[in-house]
Chemist: 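Encoded as structure tokens, here's the structure I'll be asking about.
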Amino acid sequence: VQLQASGGGLVQAGGSLGLSCAASGRTFSSYAMGWFRQAPGKEREFVAAITWSGDRTYYAGPLKGRFAISRDNAKNTVYLQMNSLKPEDSAVYYCAAGGSTMLVRDRPEYWGQGTLVTVSS
């Protein structure tokens, strides 16, 4: 699976931004998908995951309620909607694919390149 993330940019604190990750190659709909982020000087951290069918989602605790992951298997795309953004949300955001939501969280099989999100105060 090849993953291509897009949608990053500069946004003011309190604003919203939507990220997309387009997949190609093997059957997208058979993979759980996830989003991660890495801020400068920090380790990459889990953001959210969604089952292959889209019927269940999981979030890093502090982000639940502000971020929403979704997918469209017909378009081979997973999305991350980010609302009420804070400067500490600034990071490079990565999408990933794995065999299950637990696997994609702990041991993704495939990574996309990152897309930079900068939140100004």
Side-chain angles (χ1 to χ4, degrees):
V1 175
Q2 290 80 45
L3 304 174
Q4 180 79 29
S6 62
L10 176 64
V11 62
Q12 288 189 332
S16 298
L17 198 63
L19 305 182
S20 299
C21 175
S24 60
R26 294 187 177 184
T27 306
F28 171 76
S29 61
S30 66
Y31 287 91
M33 298 297 296
W35 286 95
F36 293 75
R37 68 184 184 183
Q38 186 168 20
K42 295 188 177 181
E43 292 187 353
R44 189 176 300 187
E45 64 176 358
F46 170 76
V47 172
I50 188 168
T51 54
W52 66 269
S53 64
D55 64 337
R56 291 191 299 277
T57 57
Y58 302 90
Y59 298 91
L63 301 179
K64 192 173 183 179
R66 293 197 298 122
F67 287 17
I69 187 171
S70 61
R71 67 190 296 163
D72 186 337
N73 286 344
K75 296 182 178 179
N76 285 2
T77 302
V78 63
Y79 306 95
L80 184 69
Q81 179 64 36
M82 304 181 292
N83 301 319
S84 302
L85 283 163
K86 305 174 182 180
E88 52 264 42
D89 294 319
S90 297
V92 177
Y93 283 73
Y94 299 88
C95 56
S100 69
T101 50
M102 294 303 105
L103 285 174
V104 77
R105 183 195 68 188
D106 298 334
R107 196 166 59 245
E109 291 183 54
Y110 303 98
W111 289 97
Q113 95 297 349
T115 185
L116 177 63
V117 173
T118 303
V119 184
S120 64
S121 58

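Any value given below was found using the heavy atoms of this structure, including those in side chains, with hydrogens, waters and symmetry copies removed. In this text, all values refer to a predicted model and were calculated from it rather than measured experimentally.
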Chemist: Work out which heavy atom in A96 is nearest to a heavy atom in P108; give both atom names and the distance.
Modeler: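 Heavy atoms of A96 and P108 come nearest at CB-CB, 3.7 Å.
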Chemist: Report the distance from atom CG of N76 to atom OH of Y31, rounding to the nearest 0.5 Å.
Modeler: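 OH of Y31 is found 12.0 Å from CG of N76.
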Chemist: May I ask you to decide if the ring planes of W111 and Y94 are parallel, tilted or perpendicular, using 30° and 60° as cut-offs?
Modeler: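 Perpendicular.
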Chemist: Looking only at non-hydrogen atoms, find the nearest pair between M33 and A97 and report the distance.
Modeler: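 Smallest interatomic distance, heavy atoms only, reads SD-CB, 3.5 Å.
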Chemist: What side-chain donor-acceptor pairs closer than 3.5 Å can you find for residues 40-49, not counting sequence neighbours?
Modeler:
{"unit_1": "E45", "atom_1": "OE2", "unit_2": "R37", "atom_2": "NE", "d": "2.5"}
{"unit_1": "E45", "atom_1": "OE2", "unit_2": "R37", "atom_2": "NH2", "d": "3.1"}

Chemist: Side chain to side chain contact (heavy atoms under 4.5 Å, CB included) for F67 and L85? Distances and angles first, verdict last.
Modeler: CA-CA 9 Å; F67 287 17; L85 283 163; 4.0 Å; yes
Chemist: Nearest 0.5 Å, what's the OG-CD distance between S20 and Q4?
Modeler: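 S20 OG to Q4 CD: 11.0 Å, rounded to 0.5 Å.
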Chemist: Could you tell me the separation between the OG1 atom of T57 and the NZ atom of K64, rounded to the nearest 0.5 Å?
Modeler: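 Rounded to the nearest 0.5 Å, the OG1-NZ separation comes out at 7.0 Å.
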Chemist: Which pair of non-hydrogen atoms, one from N73 and one from W52, has the smallest distance, and what is that distance?
Modeler: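 Reported closest heavy-atom pair: ND2-O, 3.0 Å.
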Chemist: Judged by atom type as modelled, is there a donor-acceptor pair below 3.5 Å linking the side chain of D89 to the main-chain atoms of A13?
Modeler: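 Pair absent, no side-chain N/O of D89 close to backbone of A13.
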Chemist: Which heavy atom in S16 sits nearest to a heavy atom in N83, and how many Å separate them?
Modeler: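 It is OG-OD1, 2.9 Å.
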Chemist: Given C21, which partner from the list Y93, W35, Y79 fulfils the side chain to side chain contact (heavy atoms under 4.5 Å, CB included) test?
Modeler: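 Answer to the side chain to side chain contact (heavy atoms under 4.5 Å, CB included) test with C21 among Y93, W35, Y79: W35.
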Chemist: Does S84 offer a backbone N or O that forms a donor-acceptor pair with the side chain of R66 under 3.5 Å?
Modeler: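 Such a contact is found between R66 side chain and S84 backbone.
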Chemist: Please report the interatomic distance CD(Q113) to OG(S6), rounded to the nearest 0.5 Å.
Modeler: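 That separation rounds to 8.0 Å.
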Chemist: Can you name the closest pair of heavy atoms from G34 and V104 and give their distance?
Modeler: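 Result for this residue pair: N-CG2, 3.7 Å.
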